[in-house]
Every structure is written in structure tokens, then in C-alpha cells.
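Report on the following structure.
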Amino acid sequence: MAIGEARQAAASRGCPVLAVSTGGVILPFDFVVYDQGRIILVRVRRLRYSGYEIADVEFSCRKEIEALRTISVGPEISRQLHVRGPDRHWHRYLVLPDSVEELGKKDGHCEERITGES
């Protein structure tokens, strides 16, 4: 259910969302967002307790972050973690090779900061 809500939240920001059908193969992301020529691989996580600071998310979502980092990406592709807690608000994080950055909403775009990765 959280994945569907996250896809709906991304779509409400005006970004085309692509559902992923894998035929039973487990992928480290739940859906794909296309934003102004960039592809965003998104993993969704629901938290039981509030804790949205970077350190909290890195601890609570370490498995999801590690799984996203297994995907090699280029400058037009990024990895994000979308987290929802008991307050039902969505928090988005850009997963980089050695860090995690919180994302906000700016000018209606799904993602404001893109860092090229190789």
C-alpha cells in the first residue's frame, strides 16, 4: 500500500511514474520516476516511529540504502528513498555512494539536486 501511495505522491508533483513488473524477480527499487530527462529509481519504506534526520534514516533504512547502492548509475539516473512515518508525511532522500541527502520540493520538480554518479 505504501508503494502505491508513494507513486501517487510522485505523480501529484507532475512526474511520470513507471510501475515495475519483474515477474517475481526482487529489485532494490519499487518504481521509476521520469523527471526532466532524468530517471529516478525509488525505494519506499514505512517507518513505525518518527525519525527523519539523516542519521535516523541511515540507521532505520540501512538495508534499503545498501540495496539501492548496489545499482550502478550514471549522471542521468539517481537513487532515492521515499520514507513515510506514522505522521503520514512523505520524506525523500537522495542516496549517493557515500552519503544520503534530504530532498525537498522546489519549483514543482520532483528532485532539486542531482549529483552525477558513476
Side-chain angles (χ1 to χ4, degrees):
M1 180 150 52
I3 294 169
E5 291 174 4
R7 284 195 315 241
Q8 186 176 24
S12 72
R13 288 189 299 273
C15 298
V17 176
L18 307 168
V20 177
S21 176
T22 63
V25 175
I26 298 174
L27 296 174
F29 57 92
D30 296 309
F31 62 92
V32 178
V33 174
Y34 183 77
D35 180 28
Q36 299 182 0
R38 295 185 304 254
I39 295 170
I40 304 167
L41 307 176
V42 179
R43 179 71 175 177
V44 177
R45 174 77 193 274
R46 276 184 20 192
L47 299 179
R48 291 180 185 247
Y49 306 102
S50 296
Y52 307 110
E53 297 296 323
I54 298 291
D56 297 326
V57 169
E58 286 178 324
F59 178 77
S60 299
C61 304
R62 64 189 167 280
K63 291 179 184 175
E64 290 81 3
I65 292 169
E66 288 173 13
L68 281 169
R69 286 182 175 147
T70 65
I71 304 169
S72 297
V73 297
E76 292 84 26
I77 301 173
S78 64
R79 301 169 291 213
Q80 286 186 10
L81 177 67
H82 292 195
V83 175
R84 191 189 82 184
D87 62 357
R88 301 192 57 84
H89 290 101
W90 286 100
H91 301 266
R92 298 178 303 123
Y93 302 89
L94 180 62
V95 177
L96 300 167
D98 298 318
S99 65
V100 174
E101 295 180 9
E102 188 166 9
L103 296 170
K105 184 176 177 184
K106 181 179 177 183
D107 300 329
H109 300 302
C110 294
E111 182 177 42
E112 303 73 48
R113 292 176 280 185
I114 288 288
T115 302
E117 301 176 42
S118 52

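The structure presented is a predicted model; accordingly, all values stated were derived computationally and were not measured.
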Q | Flag side-chain contact, heavy atom, 4.5 Å: C61 against L47 | A | yes

Q: Sequence neighbours left out, what passes ring-ring contact (aromatic ring centres under 6.0 Å, His included) with F59? Give chain and number order.
A: none

Q.
Quick check: closest heavy atoms across L103 and Q80, and the distance to 0.1 Å?
A. CD1-NE2, 3.2 Å

Q. Do you know which two heavy atoms are closest between R43 and L68, and how far apart they sit?
A. CB-CD1, 3.8 Å

(Q) Counting only heavy atoms not in R88 (residues, nucleotides, ligands), do more than 12 fall under 6.0 Å from its CZ? (A) no

Q) Is there side-chain contact between V32 and L41, with heavy atoms separated by less than 4.5 Å? A) yes

Q. So, the side chain of Y52 versus the backbone of G85: is there a donor-acceptor pair under 3.5 Å, distance only?
A. yes

**Q.** Gap between atom CD of E66 and atom CD of E58 - 0.5 Å precision
**A.** 11.0 Å

Q. Taking R45 for the side chain and S60 for the main chain, is one N or O donor matched with an acceptor at less than 3.5 Å?
A. yes

Q | Exercise: identify the closest heavy-atom pair between V57 and G51 | A | CG2-O, 3.8 Å

Q: Could you tell me whether a side-chain N or O of D30 sits under 3.5 Å from a main-chain N or O of I3, the two making a donor and an acceptor?
A: no

Q. Going by heavy atoms in the side chains, are V44 and W90 under 4.5 Å from each other?
A. yes

Q | Minimum heavy-atom distance between C15 and Y34, given as atom pair plus value | A | CB-O, 3.9 Å

Q) Which distance, rounded to the nearest 0.5 Å, do you find between the OG of S78 and the CG of L94? A) 5.5 Å

Q) Is the number of heavy atoms from other residues, nucleotides or ligands within 6.0 Å of CZ (R69) greater than 12? A) yes

**Q.** For the student: nearest non-hydrogen atoms of P28 and I71, plus distance
**A.** CG-CD1, 3.4 Å

Q. If you take all heavy atoms of I54 and E102, which pair is closest and at what distance?
A. CD1-N, 3.5 Å

